[in-house]
Undergrad: 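First, the structure itself, so that you have it in front of you.
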Number of protein chains: 2
Amino acid sequence: MINAVSIKEVKTKLGELCKQKRQAYEMSQEDLAKALDLSRFTIQKFESGKNATLDTVLKIAHHFDWLESFYQALKNLESTNDIDSLY
Amino acid sequence: MINAVSIKEVKTKLGELCKQKRQAYEMSQEDLAKALDLSRFTIQKFESGKNATLDTVLKIAHHFDWLESFYQALKNLESTNDIDSLY
DNA sequence: TCTAAATGTGTATTATAGTAAACAATTTTG
DNA sequence: CAAAATTGTTTACTATAATACACATTTAGA
């Protein structure tokens with residue numbers, strides 16, 4: 001099966017999700033930055049789909065409780081035998 | 001519900017998963033690095049659970065077809081109303 | 001409206017991820 | 001065991017993510 005999702009789309013979606021959740025919590029970019037010990041500029045860049053470090057992504061993920069979901073996705077991939085089907 | 005997974009654990013799991021899948025494809029770190037236009041050092045660091053950029057993570061994810069899975073996890077989080085339960 | 005908060009941009013600087021090359025240590029294979 | 005391949009580590013350098021500050025623009029509230 002073809003994977004139609006691009007790297008750029010994932011980055012954009014991550015940024016959108018951050019913005020959406022931040023606003024749902026009625027936090028400003030400044031509020032979130034302070035809570036995560038990051039600069040507002042880093043939040044701004046992330047929400048607009050730019051590149052970031054894994055630590056930044058995971059800090060944000062942790063704050064909005066996405067970490068368990070991410071970890072589960074990884075564990076599911078781990079058990080998948082994706083070279084060839086056995087039959 | 002408490003989120004018991006730490007940022008460090010997610011990074012470690014990402015690295016382990018990369019190593020596991022790379023070996024399943026019988027690729028060396030060098031092979032993977034060349035395929036993704038990254039240095040072997042970057043692969044080495046990633047597999048040992050160090051920090052990286054989102055682009056690096058997503059290049060690796062794309063190569064092993066994790067992108068769709070990641071994107072779906074994000075879309076699931078998007079629709080979740082996680083402030084208060086409605087009742 | 002007009003004021004204030006929040007967001008988007010810009011510049012300069014710092015911190016660090018990424019690269020390239022070499023070499024040691026380890027693992028695999030003949 | 002010996003040779004080869006792979007992996008782990010170091011050093012010097014480059015590229016860029018992150019910071020701090022300022023300021024313009026946009027969005028909400030009084």
Side-chain angles (χ1 to χ4, degrees), chain A residues 6-64 66-67 70-71 74 77-78 81-84, chain B residues 6-64 66-67 70-71 74 77-78 81-84:
Chain A
S6 72
I7 289 175
K8 186 169 176 57
E9 283 171 315
V10 174
K11 287 196 287 187
T12 299
K13 178 63 74 182
L14 272 168
E16 287 172 352
L17 192 57
C18 178
K19 182 172 186 175
Q20 179 195 310
K21 293 302 180 188
R22 174 177 63 76
Q23 291 177 333
Y25 280 93
E26 293 185 339
M27 298 178 83
S28 66
Q29 294 179 343
E30 181 74 29
D31 293 335
L32 183 58
K34 277 183 181 158
L36 303 181
D37 197 30
L38 292 171
S39 71
R40 185 172 69 82
F41 189 63
T42 298
I43 302 295
Q44 158 68 26
K45 291 266 295 293
F46 182 73
E47 288 191 352
S48 58
K50 299 292 191 303
N51 196 14
T53 61
L54 187 52
D55 273 335
T56 294
V57 178
L58 295 182
K59 272 188 183 181
I60 293 169
H62 182 257
H63 187 265
F64 293 121
W66 305 341
L67 229 45
F70 284 7
Y71 195 78
L74 293 181
L77 290 166
E78 197 169 37
N81 184 347
D82 56 4
I83 299 280
D84 285 322
Chain B
S6 72
I7 289 175
K8 186 169 176 55
E9 283 171 315
V10 174
K11 287 196 287 187
T12 299
K13 180 62 75 182
L14 273 168
E16 287 172 352
L17 192 58
C18 178
K19 183 172 186 175
Q20 180 195 309
K21 294 301 179 186
R22 173 176 64 76
Q23 290 177 332
Y25 280 92
E26 293 185 339
M27 299 177 84
S28 66
Q29 293 179 346
E30 180 75 29
D31 293 336
L32 183 58
K34 278 185 182 158
L36 303 181
D37 197 31
L38 292 171
S39 71
R40 185 171 69 81
F41 188 63
T42 298
I43 302 295
Q44 158 68 27
K45 292 266 294 295
F46 182 73
E47 287 190 353
S48 60
K50 300 291 192 303
N51 197 11
T53 61
L54 187 51
D55 273 335
T56 294
V57 178
L58 295 183
K59 272 188 183 182
I60 293 169
H62 182 258
H63 187 265
F64 293 121
W66 306 341
L67 229 45
F70 284 7
Y71 195 79
L74 294 180
L77 290 165
E78 198 170 36
N81 184 347
D82 57 2
I83 299 278
D84 285 322

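All chains are named by letter (A, B, ...) in the order of the sequence lines, taking the proteins before the strands, and each is independently numbered beginning at 1. All values below come from the heavy atoms of this structure, side chains included, with hydrogens, waters and symmetry mates left out. Bear in mind that the values here come from a model prediction, so they are computed numbers and not experimental data.
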Undergrad: Quick check on salt bridge (charged side-chain N to carboxylate O under 4.0 Å, His left out): which of A:Arg40, A:Lys19, A:Arg22 does A:Glu47 satisfy it with?
TA: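 Only one option passes, and that is A:Arg22.
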Undergrad: Can you tell me the distance, in whole Å, between the CG atom of A:Leu14 and the P atom of D:dA17?
TA: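 Rounded to the whole Å, the gap is 15 Å.
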Undergrad: Do A:Thr53 and A:Phe46 come close enough that some side-chain heavy atom pair is under 4.5 Å?
TA: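 Sidechains of A:Phe46 and A:Thr53: no contact.
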Undergrad: So, using side-chain contact (heavy atoms from CB on, under 4.5 Å) as the criterion, who are the partners of A:Lys45 when residues are at least two apart?
TA: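 If we apply the side-chain contact (heavy atoms from CB on, under 4.5 Å) test to A:Lys45, skipping adjacent residues, the hits are A:Phe41, A:Lys50.
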Undergrad: Of all the nucleotides listed (D:dA20, D:dT10, D:dT7), which has the minimum atom distance to the side chain of B:Gln29?
TA: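 So the side chain of B:Gln29 is nearest to D:dT7.
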Undergrad: Can you tell me how far P of D:dA17 sits from CG of A:Leu58, to the nearest Å?
TA: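 Rounded to whole Å, this separation is 17 Å.
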Undergrad: If you round to the nearest 0.5 Å, how far is CD of A:Glu26 from CG of A:Asp31?
TA: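 The CG atom of A:Asp31 sits 10.5 Å away from the CD atom of A:Glu26.
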Undergrad: Looking only at side-chain N and O atoms, does B:Ser28 come under 4.0 Å of OP1 or OP2 in D:dA5?
TA: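 So the side chain of B:Ser28 is outside the cut-off, no N or O lying under 4.0 Å from OP1 or OP2 of D:dA5.
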Undergrad: Grab the N/O contacts between the protein and nucleotides 22-25 of chain D below 3.5 Å, and write none if there aren't any.
TA:
none

Undergrad: With a 4.0 angstrom cut-off to heavy atoms of chain B, pull out the first and last contacting nucleotide of DNA chain C, in 5'-to-3' order.
TA: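 Nucleotide range with atoms under 4.0 Å of chain B: C:dA17 to C:dA22.
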Undergrad: Is there a residue in residues 43-56 of chain A whose heavy atoms reach under 4.0 Å of DNA chain D, and which residues are they?
TA: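 A:Asn51, A:Ala52, A:Thr53, A:Thr56 - these, ordered by number, are the residues of the stretch whose heavy atoms sit under 4.0 Å from the strand.
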Undergrad: Just report the end-to-end axis angle for the helix from C:dT1-D:dA30 to C:dG30-D:dC1, five pairs per end, to 10 degrees.
TA: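 Angle reported: 60°, given to the nearest ten degrees.
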Undergrad: Find every protein N or O atom lying less than 3.5 Å from an N or O atom of nucleotides 27-30 of chain D, and list the pairs.
TA:
none

Undergrad: Looking for any heavy atom pair under 4.0 Å, which part of the strands does B:Asp37 touch: base, sugar-phosphate only, or nothing?
TA: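 Here B:Asp37 touches the backbone only, sparing every base.
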Undergrad: Return the value, rounded to whole Å, for the distance between atom CG of B:Leu32 and atom P of D:dT6.
TA: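 Spelled out: CG on B:Leu32 to P on D:dT6 is 13 Å.
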Undergrad: Please give, in whole Å, the distance from D:dT19 P to A:Leu36 CG?
TA: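 Roughly 10 Å, once rounded to whole Å.
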Undergrad: Please tell me if B:Arg22 has a side-chain N or O lying less than 4.0 Å from either OP1 or OP2 of D:dT7.
TA: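 So the side chain of B:Arg22 is within the cut-off, an N or O lying under 4.0 Å from OP1 or OP2 of D:dT7.
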